[in-house]
Structure formats: structure tokens, C-alpha cells
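Along the sequence shown, residues carry numbers from 1. Whatever order the structure lists them in is the order used to number ligands and atoms, beginning at 1.
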Amino acid sequence: MATVLDYDIKFLPGVGEKRAGVLARELGIRTFGDLLYYFPFRYVDRTKLFRIGDIGPDAPAYIQVRARVTGMAYEGEGRKRRLRVFVSDGSGTADLVWFSGTKWIEKRIEAGREYIVFGRPALFRGELSFVHPEIDLVEALVNRPGGGLQGVYSTTEKLSGVQLGSKGIYKLVCNLWEQVQGHITETLPPSVVAAHGLLPLGEALRNIHFPQSQELLRQAEYRLKFEELLGIQLAILSRRVTRTTAADGFFFPRVGEFFNGFYRTKLPFELTGAQKRVVKEIRADTVTGHQMNRLLQGDVGSGKTLVALMAMLLAADNGFQACMMVPTEILARQHFASITKMVEGVGVRVAVLTGSTKKRERDGILEELASGGLHILIGTHALIEERVKFDNLGLVVIDEQHRFGVEQRARMWTKNSRPPHVLVMTATPIPRTLAMTLYGDLDVSVIDELPPGRKPILTRHLYDSQRMKLFGFLRSEIARGRQVYVVYPLIKESEKMDYKDLYDGFETMSREFPLPQYRLSVVHGKLPAEEKEEGMRAFREGTTQIMVATSVIEVGVDVPNATVMVIESAERFGLSQLHQLRGRVGRGGEQSYCILMSDDRLSREARARLDAMVETNDGFRLSELDLKLRGAGDIGGTQQSGTAFELKIASLAKDAAVVEYARRAAEEILAADPSLTLPENALLARLKGRYVNRGETDFGMIS
Ligand SMILES: Nc1ncnc2c1ncn2[C@@H]1O[C@H](COP(=O)(O)OP(=O)(O)OP(=O)(O)O)[C@@H](O)[C@H]1O
């Protein structure tokens with residue numbers, strides 16, 4: 001049944017065709033309901049007035065003053081032309097400055113009247129000014145719906161001459177509220193609202209846009225976050241129920257010649273206790289008759305890939321094919337090279353498929369795959385292309401899953417009528433609440449032990465001025481037969497600047513480490529695949545001693561003889577990336593080093609990151625610190641983007657407690673009514689439904 005919330009946004013007073021287009025394209029707002037659920041991202045306290053004379057350098061970013069206009073003047077020429085309005089509140093004076101829209105302001109402002117001025121104060125040579133502040137006549141503010149806290153909304157870009165600022169959106173929300181306030185129906189059952197002490201929906205929506213007080217705002221946020229997270233948890237947990245009750249998992253009961261051939265004759269070392277435990281867990285999962293959905297978490301270099309290989313051999317022993325999907329081409333080829341070597345003589349057929357595999361070779365691989373002759377296929381997202389058809393895919397291993405989009409992963413499963421077992425590997429430790437949501441109903445295995453004989457990597461932070469010292473150290477390591485990585489940041493693949501750094505660096509390195517004594521490989525994202533592969537191969541085989549690269553080598557490269565990782569402009573990398581890069585060394589028995597190079601002018605945050613790297617090798621501690629330093633928003637941005645769930649208000653990093661409550665509530669609800677068929681749970685079934693479709697594709701449960 002259509003309600004007022006379904007009305008097209010263009011019919012809202014103050015919107016119209018043009019603005020409706022901008023709202024839809026920029027903010028995804030198409031209906032009244034969309035706007036109602038477009039929440040402010042922060043609030044400013046508009047009850048608090050500052051006195052101009054008291055405003056110093058420590059003032060908050062946005063403030064408001066109540067002041068009388070004493071005069072105005074145009075200044076400057078051309079693009080610098082601006083309107084200055086002079087105001088005073090008795091304690092001091094300030095300038096309000098406009099560079100555009102000046103005619104409109106000039107008409108609105110009357111000398112001698114009192115205004116509330118709201119904006120970002122700037123102090124320049126003791127003079128206070130506000131550039132493009134919001135201004136309202138004092139009388140006009142009396143009728144605001146809120147209790148003084150005003151929402152700040154994300155704004156639109158300028159599109160076809162139309163731009164909506166926070167204030168513009170706020171006004172639209174005011175108009176909207178007039179229209180919808182009597183029409184909001186509760187979306188949670190009364191029992192849930194009561195049991196969790198939640199604000200009714202109408203009250204929550206009113207207070208999220210127009211908070212009557214700090215306390216009501218807090219309650220409104222809680223109610224809306226709880227509902228969102230409850231919906232997600234219901235979807236995830238129902239999926240788990242379906243998965244663990246559906247009897248469509250493949251059976252891998254046999255441990256045969258592939259697994260044993262490798263384990264008994266090819267494995268050059270003992271598995272660590274943790275590796276053995278995980279192999280057992282996987283074996284147990286694959287004989288239950290249910291689909292396995294397991295997350296394998298372990299620090300860099302802890303031996304995850306090896307465990308994955310053993311799982312793939314197990315699949316092959318039972319007549320199934322397995323594939324391993326990795327984020328980069330280099331990594332695919334690297335895994336292919338090392339796996340081929342490890343299983344040499346075992347009789348298992350392995351191939352690699354990436355975007356740049358030549359047609360002839362690709363056709364051959366596809367044919368062998370479809371006929372069932374190929375056991376293991378390693379590749380990038382090229383694996384999910386339509387034409388890649390398996391004969392009987394039994395196991396999918398996904399490396400570093402957050403780099404793949406949900407859609408991409410989902411397409412892997414549609415290759416089968418029955419869902420294959422899934423093993424997801426990640427070296428990035430994930431805080432519990434994040435894991436509970438991002439990885440949904442995965443069971444978690446942890447490799448919490450490094451292979452024996454590893455020496456902790458020594459990390460040093462050097463400034464650019466100490467470069468000669470660095471070169472001396474590299475020469476001595478190379479003289480001892482070791483190899484060295486020098487990595488440059490690549491923030492955006494397309495940025496010319498980044499490549500300039502790399503090429504300048506390569507030139508310097510070639511000068512300092514000349515032929516014939518030294519040989520260098522250079523690898524970056526823009527190189528053709530063969531050249532990349534050639535550079536990697538030469539380094540892997542020890543023909544070159546120095547690898548100059550961008551962060552394309554970040555994940556999974558494995559050259560145990562490399563003992564030094566030099567990270568240039570280290571301040572430009574995030575903590576987890578630095579830790580990943582550092583993990584490229586220390587993979588053999590030799591003492592390894594990580595050298596962080598930076599400028600000596602560092603922001604406080606950058607310094608904290610580099611200090612943390614010097615202090616600890618513990619990935620878990622670093623990831624916790626990363627969460628703190630980057631703040632929740634960023635984690636939300638990067639990690640959530642790869643998930644099925646777009647959160648409107650809750651933050652997985654900040655709202656850990658709410659995630660836990662919602663999880664528990666969902667567990668209780670489903671324990672009593674697993675398929676939400678009871679009449680009193682009809683609203684919950686609908687809430688779950690909002691998340692379930694996207695959620696299902698996430699882990700392939702076909703219900
Ligand atoms: N039990 C073990 N004993 C000794 N060496 C091992 C053991 N397990 C793995 N290794 C070796 O340690 C190195 C790292 O192993 P692997 O590549 O499997 O780790 P990973 O966890 O996948 O690493 P990353 O996340 O950094 O890619 C490899 O050279 C591998 O051969």
C-alpha cells in the first residue's frame with residue numbers, strides 16, 4: 001500500500017523537477033521516505049551564543065553570534081570582488097564576507113537590525129571574520145521545530161547549476177516533516193520496543209532531524225541504530241540457520257593421494273600447531289553435509305596459503321575442483337608459481353587465469369576446466385566471468401576478501417547448482433563487531449602462531465636526510481646475499497605524481513646501485529602483465545637483488561630470501577598497509593628489517609603510526625590502534641564498502657555495544673521463531689527482508 005512516504009520527492013514544496021534530479025543523482029533521494037531517512041551527520045548547538053570579544057584561537061570550528069549590522073561595502077575587483085558586512089555585538093566587531101551571491105545578501109541585510117550569524121570563525125591579524133556564514137534575523141529563529149540543536153546534512157555537488165547546501169536540505173526536511181508527521185507507522189513490534197526501551201519510530205525520526213534535547217537525540221539515534229542492526233543480524237542469523245539445516249554441502253570424506261602425496265613427501269617442514277588445528281577444522285566442516293563458510297584469520301606470513309592449498313588438495317582427492325581467488329594479478333601468478341612447485345610430482349593439475357591470460361592459453365584452460373581435468377584454478381576476478389565454467393566446483397578459497405565486491409563473490413556461487421564450500425583468508429585482524437557483521441555467519445579459525453625460527457622483524461624510522469646511511473645498510477645486506485624491496489606509495493593508480501616518485505626513486509637507486517654489481521627489478525600497476533611477471537620472477541629467482549615497486553606487491557608476495565623492506569614516504573600509508581608490506585620480509589630464518597623513510601615534518605597522526613610500527617610487530621595490536629587513529633568513519637568507509645549492507649546510521653566501529661545488543665535480541669527472537677512466521681513477528685520478517693536479498697548474495701545461501 002502506497003503511503004505519503006512513497007511520494008515522488010519532486011512534489012515536496014521547495015523541490016520541483018530540477019532539484020529532484022539533483023537529490024536523486026547526488027544523494028539517492030527519490031521519495032519522501034528517502035529524505036526522511038536522510039539523517040544529519042552532526043549537530044550544532046544553536047542555543048549557544050558566543051560573544052565576539054571572547055572568540056579566540058581555541059573557539060570551536062562553528063559558532064554563532066548575535067550581532068547588529070553596522071554597515072557594508074564592496075571591495076576588490078573581478079574574481080576577488082567581495083561583499084563585506086560589518087557587525088558588532090557590543091563586545092567586539094566582526095566582518096562577514098561573501099564572494100558570490102552578493103546581490104541576494106545585499107538585499108536581505110538591513111543595517112541596524114540584529115542577526116544570528118552562524119559559521120566558521122577565522123582570525124586574521126586579530127580581526128574576526130566569517131566567510132559565507134548563515135544569517136537569520138533574530139525573530140526568524142523563534143519558530144524552528146527543534147530545541148536548539150540543528151542538524152548538519154551532507155550537501156550535494158553543483159549539478160546543472162543547482163546545489164543544495166546543508167541549510168537547503170534542512171529546510172526541505174522541515175517542509176517534509178509538516179507533510180509526514182501524522183503518517184509514520186511503527187516498524188518494530190510493540191514487544192521489541194518495550195523490551196529494549198526504544199523511542200517510538202515517530203519520536204525517533206522527529207528527534208533525529210529536530211532534536212528537542214541532547215538526551216532525546218541520543219535515544220533517537222539508539223532506536224534507529226538498533227533497528228538497522230537488528231535487521232542485519234536477523235538476516236545474517238537466519239542465513240546461518242538455513243545453511244546449517246540445509247543438507248546440500250559437498251562431502252570430502254577421503255584423504256587420498258593428492259593430500260597425502262603432498263603432506264608426506266613434499267611438505268618441507270612440520271605444520272605449526274595452529275595450522276594443524278585449522279586443517280582439522282576444515283576437514284570436520286567438509287563432512288557435515290552442510291556448506292562450509294569459514295574465515296581463516298592469521299597474521300602476515302603465518303602460513304594461511306599453505307592451509308588453503310591443503311584444503312584444495314582435499315577437494316581434489318574427493319573428485320572436486322577448487323579455485324582460489326586473489327586480488328591482484330601478481331599475487332595470482334605468485335601463488336601459481338609457488339603452488340606448482342610445492343605439488344610437483346603429486347599429479348594434481350593447477351592453472352592460473354587472469355585478465356591478461358592470452359586467448360589460446362585461456363581457451364585451453366577453460367576446456368580443461370569444463371571437462372574436469374583441471375583440479376585447481378588460481379586467478380583474479382577473471383574467475384567469475386561468465387565463460388569460466390567448472391565441471392564440479394567444490395571449494396572456493398578467497399584471499400583478502402574485503403577487496404572483492406559482494407557482487408563479484410556472489411557470482412562465484414552461481415556457477416554451481418549447489419553452493420561450494422567457502423574458505424576466506426584474511427591477514428587483517430577484524431574487530432569482533434565488525435566480523436559479526438561483515439563476515440556474517442562465517443565460522444572463524446585463527447592461526448595464532450608463526451612458523452618456528454622466525455626472528456622478529458626490526459623496524460626503524462629514518463628521515464630523508466639519513467639516506468646515505470640507508471644505502472650503506474642495503475649494500476651490506478646485499479653483500480651477504482640478501483634481497484631488498486623499496487616500495488613507493490601509490491595512492492591513486494592514475495596519479496602521475498605517484499609514478500614520478502617511483503621513477504625518481506628508481507633512477508636514484510640505479511645510480512647508487514650500478515650494474516654489473518647490482519641488478520634491479522621494477523614492478524608497478526601500469527606495466528604490461530608480462531613485464532610485471534618478468535620483474536617478479538627475476539627477483540624471486542634471485543637474479544635481481546633490489547625490487548623497486550609500488551604497493552602492488554603489498555599482499556601475499558613470498559620471497560623468503562628478501563630481508564629488507566624499505567618503505568618510502570611511509571607517512572602516506574595506513575597502518576594496516578604498512579604492516580602488510582612489512583610482512584613481505586621476515587619469511588625465512590634470517591634477521592629481517594623494515595625501514596620506514598619519511599620527511600621530518602610529520603603530522604601527529606602520521607608520527608603515531610610510524611612509532612607504532614617501530615614498537616610492535618603484532619598485527620592485532622596495530623589494527624586496534626588503526627581503528628582508533630583513523631576513527632570509525634574510515635573503517636566504515638573502506639571496510640563496509642565491500643559488504644552487502646549499507647548502514648544509514650549505525651557505525652560498526654563506533655557502535656560495538658549496539659551491535660552486541662542487536663545480535664543478542666536477534667538470537668532470542670530466532671530461537672523462539674526461526675522463520676519469523678508468528679503473527680507478532682510480521683514486522684520483524686519485513687525488517688529482515690530489507691537486508692536479506694543483498695545479504696543472501698553475500699554468502700550464496702539460496703533459500
Ligand atoms: N609450518 C611452517 N613451517 C615453516 N615454514 C612455513 C610453515 N608454514 C608456512 N611456511 C612458510 O612461510 C611463508 C609464509 O607462508 P604463507 O605464504 O602460507 O603465509 P600467509 O599467511 O599466506 O602469508 P601472507 O598473509 O603474508 O600472504 C612461506 O614461505 C611458507 O612456505
Task: Gly298 heavy atom under 4.0 Å from ligand 1 - done: no
TODO: May I ask whether Gly301 places a heavy atom under 4.0 Å from ligand 1?
DONE: yes
Which of the atoms in ligand 1, numbered in the order shown and given with their element, are less than 4.0 Å from a heavy-atom of [X]?
| X | value |
| --- | --- |
| Gly303 | 9 (C), 15 (O), 16 (P), 18 (O), 19 (O), 20 (P), 21 (O) |
| Lys304 | 18 (O), 19 (O), 20 (P), 21 (O), 22 (O), 23 (O), 24 (P), 25 (O) |
| Gln275 | 1 (N), 2 (C), 8 (N), 9 (C) |
| Ser302 | 19 (O), 21 (O) |
| Leu306 | 8 (N), 18 (O) |
| Thr272 | 1 (N) |

Could you tell me whether the side chain of [X] and the main chain of [Y] form a donor-acceptor pair under 3.5 Å?
| X | Y | value |
| --- | --- | --- |
| Arg277 | Val446 | yes |
| Gln275 | Thr272 | yes |
| His421 | Met292 | yes |

TODO: Determine, using ring centers only, whether Phe539 and Tyr485 are less than 6.0 Å apart.
DONE: yes
Task: For Gln466, side chain to side chain donor-acceptor pair (under 3.5 Å) partners two or more places apart - done: none
Task: Side chain, backbone, both or neither: the part of Glu270 lying under 4.0 Å from ligand 1 by heavy atom - done: backbone
Open item on the list: If we set the cut-off at 4.0 Å for heavy atoms, which region of Leu271 has an atom near ligand 1: side chain, backbone, both, or neither?
Closed with: backbone
Task: Nearest option to atom 12 (O) of ligand 1, as decided by whichever heavy atom of Arg454, Arg587, Arg584, Gln334 sits closest - done: Arg454
Task: All side-chain contact (heavy atoms from CB on, under 4.5 Å) counterparts of Ser476, not counting sequence neighbours - done: Phe473
Open item on the list: Quick check on side-chain contact (heavy atoms from CB on, under 4.5 Å): which of Gln321, Lys389, His375, Arg349 does Leu369 satisfy it with?
Closed with: Gln321
Open item on the list: Here's a test for you: under side-chain contact (heavy atoms from CB on, under 4.5 Å), which of Lys532, Glu534, Glu533 qualifies with Leu527?
Closed with: Lys532
